[in-house]
Protein chains: 2
Amino acid sequence: MDHPAVIRPADVATWRSDKMGKTTLFESPRVLVGLNAFEPGQSHALHAHAGMDKVYQVLEGEGQFLLEGQELPMKSGDLLVAPDGVPHGVRNTGAARLLVLTILAPAPGPTSSHG
Amino acid sequence: MDHPAVIRPADVATWRSDKMGKTTLFESPRVLVGLNAFEPGQSHALHAHAGMDKVYQVLEGEGQFLLEGQELPMKSGDLLVAPDGVPHGVRNTGAARLLVLTILAPAPGPTSSHG
């Protein structure tokens with residue numbers, strides 16, 4: 001980020017009709033800060049990150065978060081951590097859009113998929 | 001965190017009458033996830049973290065954030081990144097409580113002050 005500034009996540013989210021939309025807000029070798037945007041019914045399949053912790057914070061809407069075989073209902077304001085190697089996923093089970101702040105530490109390498 | 005679970009930040013914040021309250025939500029060598037809680041008038045003096053990026057997200061209230069000599073008004077929902085080495089601080093200039101999610105990556109060492 002060349003010019004640090006206040007970010008209003010809802011204003012910069014990427015919404016897609018075909019699948020979850022992703023936006024990168026800040027990236028360094030230490031951390032990737034982004035948004036995952038789910039239209040109703042959209043999901044992010046269970047996955048894990050080796051050597052990285054992931055923080056989810058729900059900014060808007062509600063959904064089911066998967067973590068270590070648990071299904072956790074989450075709504076705006078709720079926070080969840082998927083520590084190193086713990087499988088996690090998200091499904092928008094609500095009738096409205098679900099917007100989630102995602103933080104991965106450290107950031108994935110340039111050849112990894114992420115989010 | 002032994003048993004990952006959904007966290008409702010507002011329910012676990014620490015409020016102090018004498019100074020900013022701090023709460024740790026999750027810590028690993030890779031990331032420190034916490035809360036800074038400011039009663040009206042409380043502040044966190046300008047400081048910097050060498051080798052760490054810090055993410056602020058305002059969960060409740062409003063205030064002035066200091067970043068590289070700028071004063072940035074922020075309110076609930078707004079996000080700001082203080083990259084490695086960039087001085088930053090916070091002041092609750094509002095009439096209500098200010099609750100801020102803070103993420104430091106990587107986490108400070110055990111002998112550092114942090115937050």
Side-chain angles (χ1 to χ4, degrees), chain A residues 1-12 23-35 49 51-60 62 64-88 99 101-107, chain B residues 1-12 24-35 49 51-60 62-88 99 101-107:
Chain A
M1 192 157 54
D2 294 329
H3 184 71
V6 176
I7 297 167
R8 300 195 166 86
D11 292 351
V12 295
T23 308
T24 296
L25 302 179
F26 176 82
E27 188 167 13
S28 78
R30 295 167 291 276
V31 68
L32 173 67
V33 182
L35 298 171
H49 305 277
M52 291 171 244
D53 296 321
K54 185 168 187 175
V55 182
Y56 281 123
Q57 210 230 349
V58 180
L59 301 180
E60 180 185 323
E62 56 188 302
Q64 289 284 341
F65 286 64
L66 310 175
L67 191 75
E68 285 195 305
Q70 302 174 77
E71 291 200 5
L72 303 166
M74 288 181 65
K75 62 180 195 308
S76 185
D78 290 351
L79 185 142
L80 185 69
V81 179
D84 174 18
V86 174
H88 53 278
L99 182 61
L101 178 67
T102 60
I103 291 166
L104 262 173
Chain B
M1 192 158 53
D2 294 326
H3 184 71
V6 176
I7 297 168
R8 299 197 166 85
D11 292 350
V12 295
T24 296
L25 302 179
F26 176 83
E27 188 166 12
S28 78
R30 296 166 290 276
V31 69
L32 174 66
V33 182
L35 298 171
H49 305 277
M52 291 171 246
D53 297 321
K54 185 168 185 173
V55 182
Y56 281 123
Q57 210 230 349
V58 180
L59 300 180
E60 179 183 325
E62 56 188 303
Q64 289 284 340
F65 286 65
L66 311 175
L67 191 75
E68 286 195 304
Q70 302 174 77
E71 290 199 6
L72 303 167
M74 287 181 66
K75 62 178 194 310
S76 183
D78 291 351
L79 185 143
L80 185 68
V81 180
D84 174 18
V86 174
H88 52 278
L99 183 61
L101 178 67
T102 61
I103 291 165
L104 263 172

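Every value quoted in this text rests on a predicted model; they were computed, and no experiment measured them.
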Looking only at heavy atoms, which two atoms of B/R30 and A/P106 are closest? And how far apart?
CD-CD, 3.7 Å
For B/F26 and A/V55, run side chain to side chain contact (heavy atoms under 4.5 Å, CB included): C-alpha distance rounded to whole Å, both residues' side-chain angles, the deciding distance at 0.1 Å, then the answer.
CA-CA 9 Å; B/F26 176 83; A/V55 182; 5.7 Å; no
Report all side-chain donor-acceptor pairs from residues 71-85 of chain B shorter than 3.5 Å, counting only partners two or more places apart or in another chain.
residue, atom, partner, partner atom, Å
B/S76, OG, B/L59, O, 3.3
B/D78, OD1, A/R8, NE, 3.3
B/D78, OD2, B/K75, N, 3.1
B/D84, OD1, B/G51, N, 2.6

Got a second to check how far B/I103's CD1 is from A/Q57's CD, nearest 0.5 Å?
8.0 Å
Heavy-atom proximity to chain B below 4.5 Å, by part of A/E60:
neither
